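I have placed the structure first, in the form of structure tokens, so that the comments after it can refer back to it.
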Amino acid sequence: MKNKKILVTAFFNFYCLVPLDFPIFAHEKLNVMENRRVRVRFAPSPTGPLHIGGVRTALFNYFFARQHGGDFILRIEDTDSQRFVPGAEEYINEALSWCGIKIDEGVIEGGRFAPYRQSERRTIYRQYAEQLVKTGHAYYAFDTPEELGERRKAAEATGKSFIYNYTIRNEMQTSLALSDEEVEKRIARGDQWVIRFKMPENEEVTMHDLIRGEVVVNTSTLDDKVLFKSVDMLPTYHLANITDDYLMEISHVIRGEEWLPSLPLHVLLYRAFGWTDKMPQFAHLPLLLKPTGNGKLSKRDGDKMGFPVFPLRWTSPEGEVSRGYREDGYFPEAFVNLLALLGWNPGTEQELFSMDELIQQFSLEHVNKSGARFDPDKAKWFNHQYLMRKSDGEVAAQYLQVLEEKGIKTNIEKAEQIVALMKNRVNFVHEIWDKATFFFERPSVYDETSVRKFWKEDVPAIMNELIALFESISTFEASIIEERLVAFIKEKEFSMGKVMNALRLCLLGNSNGPNAADVCAIIGKDEAIARLKQAISSI
RNA sequence: GGCCUGUUCGUCUAGGGGUUAGGACGCAAGGUUUUCAUCCUUGUAACAGGGGUUCGAUUCCCCUACAGGCUACCA
């Protein structure tokens, strides 16, 4: 009992005697070792469709949560009433679900920290903003947007940039300068106001990022960010984000690098609230860059460069349509796999990962610091790998749907046979149709180079003999057809290439493609003979 | 402009004070196959530049360049 008391006093002394900045930092460090339940959140704002960078952030959060037996929370940050886009929230849910992400707590799933939509939490933020005003960490400001705009313009005219911080705040209409009565009067009569964070002057803030290590920023370069606004009585991102992370007991914040500049503000907010012992650890992910040229991947790039930037097709309220990975024919597993390897690596040479393997092997230590350029070619390669590894039956089921869209009815057996022949020749299921319409349609044209190469003078006569050969085959199966063809070629002392390529040309309209006997068996004896006759008469 | 972050083959990346700087995609060549694809083999190609520190730097430090992000009563 006594020992404990001494320890507490010692800690208290330590806490108070060292400079202000240090103990808090020490405290934050303590946090690293603290053993608390892993709770991460993906917190998009519904201002449009999620793009692949956002999906990757969600994925990394998900891997991390699952690996640590923690929770994955989806929080909708819709505090910007101006930029709300209908349908965006549904899109986010559908996209995450397509990827195979299972949300533990969210708008749909509920949870013990509900609601998970910030617009529904609006009543809780103001008290926190006010708490900061009371403790001297924030203040009311009554400047109008017009005034601020003018100030900004004036500053720019003299070549300086306008920073709303310690250098200027005392000249402004704020609760720092105005009397309490005046402030109350203005609020009561309905003047527009805002609560700003009182950014300290000339303080070095040391932050620890799980990916980047220590980052130090001097607070004098930062500004007095708006925390809460009276226009819509809503918090801005910073306040809402910090209070919700705190309230929802978030342990780790894994988000895009674009948030790194606001990390000092966030850390300072935790300090101002006295929440440093509950502050999450931060990890800022490298950005996804466009395949060519400069800049981060943006919504426009996809359509310009011929690959999707969105997981799912998106139709904007204006009717503009953007492609999606799902609609382009990507398997969700392939999509997840390729995104996982953008900015992260397993430290081994493995490239193909199931969701479970990603959950097992993911590690923030192996996340890169530098931005990753998206490579559409490699994306296709991933899908090809998954396509080849899938069973014929599974692919056939999807292929059947493609056929149905083309108005073609066939059975699963035939679809499976075709898939077996085509799987390793295509990247996407829909390409099986594109590259193998000949299974359902007689060729109408014959590839010129193939004709030049294989349709020699004596070939029509040989093809005629094949007609007779086919007619003599009673059990028209691939292995038997193959056997008889080979026997015929050997007997006549032709070369395999000469006959087989010409036959393929008759059957497919091209000499490139699957084995001729296999094709014959699938299209059937009558059709095979018909195609030989057509070729002989029309080439 | 200011602040922050980054920089290994064209791209994704491994590595890390002494290595033939490894893998994958792409591309090229060869092999297998009746063709194409698959598969196998091989090749192509990189430590941004300059200063330090060191016996030695691609690896550590500094500077420069370049790239990216942020700089709203957006997230």
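The chains referred to below are lettered A, B, ... by the order of the sequence lines, with proteins before strands, and numbering in each begins at 1. All values derive from a computational prediction rather than experimental measurement.
Summarising the geometry, atom CZ belonging to A:Phe362 is positioned 14.0 Å from atom CD belonging to A:Gln360; distances are rounded to the nearest 0.5 Å. Distance check, rounded to the nearest 0.5 Å: CD1 of A:Ile254 to CG of A:Leu59 gives 11.5 Å.
The partner of B:U32 cannot be assigned: no Watson-Crick or G-U wobble pair with both contacts below 3.5 Å exists in any strand.
Between A:Arg189 and A:Asp191 there is a salt bridge, since at least one side-chain N of the basic residue sits less than 4.0 Å from a carboxylate O of the acidic one. Taking the charged nitrogens against the carboxylate oxygens, A:Arg122 and A:Asp232 have no contact shorter than 4.0 Å, which rules out a salt bridge. Between A:Lys380 and A:Glu431 there is no salt bridge, since no side-chain nitrogen of the basic residue lies less than 4.0 Å from a carboxylate oxygen of the acidic one. Ionic pairing of A:Arg151 and A:Glu171 is present here: one or more N-O contacts between side-chain nitrogen and carboxylate oxygen are shorter than 4.0 angstrom.
Nearest nucleotide to the side chain of A:Thr221, out of B:U5, B:C3, B:U35: B:C3. The side chain of A:Ala372 has B:U13 as its nearest neighbour among B:U5, B:U34, B:U13.
On the C1' atoms, B:U33 is 46 Å away from B:A48, given to the nearest whole Å. Distance noted for atom C1' between B:A37 and B:G18: 45 Å (whole Å). Taking atom C1' in both B:G2 and B:G10, the straight-line distance is 34 Å, to the nearest Å.
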Could you write out each protein N or O paired with an N or O of nucleotides 22-27 of chain B at a distance under 3.5 Å?
unit_1, atom_1, unit_2, atom_2, d
B:G23, O4', A:Glu349, OE2, 3.2
B:A24, O4', A:Glu351, OE2, 3.2
B:A24, O2', A:Glu351, OE1, 3.3
B:A24, O2', A:Glu351, OE2, 2.4
B:A24, O2', A:Lys378, NZ, 2.8
B:A24, N3, A:Lys378, NZ, 3.3
B:C25, OP1, A:Trp381, NE1, 3.4

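Across all strands shown, A:Gly343 has heavy atoms under 4.0 Å from sugar-phosphate atoms exclusively, and none from any base. A:Val499 comes within 4.0 angstrom of nothing in the nucleic acid, heavy atoms only.
One can find a donor-acceptor pair under 3.5 Å joining the base of B:U35 and the side-chain atoms of A:Arg504.
Using a 4.0 Å cut-off, some side-chain N or O of A:Asn345 falls inside it from OP1 or OP2 of B:A14. Contact annotation: A:Asn368 side-chain N/O to B:U13 OP1/OP2 distance is under 4.0 Å.
Taking the six-membered ring wherever Trp is involved, the centroid distance between the rings of A:Tyr325 and A:Phe335 falls below 6.0 Å.
If you check the side chains of A:Asp244 and A:Tyr125, you find a donor sitting under 3.5 Å from an acceptor.
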Along nucleotides 70-75 of chain B, 5' to 3', which nucleotides get a B, which get an S, and which get a -, given that the test is a protein heavy-atom distance under 4.0 Å? S--BBB
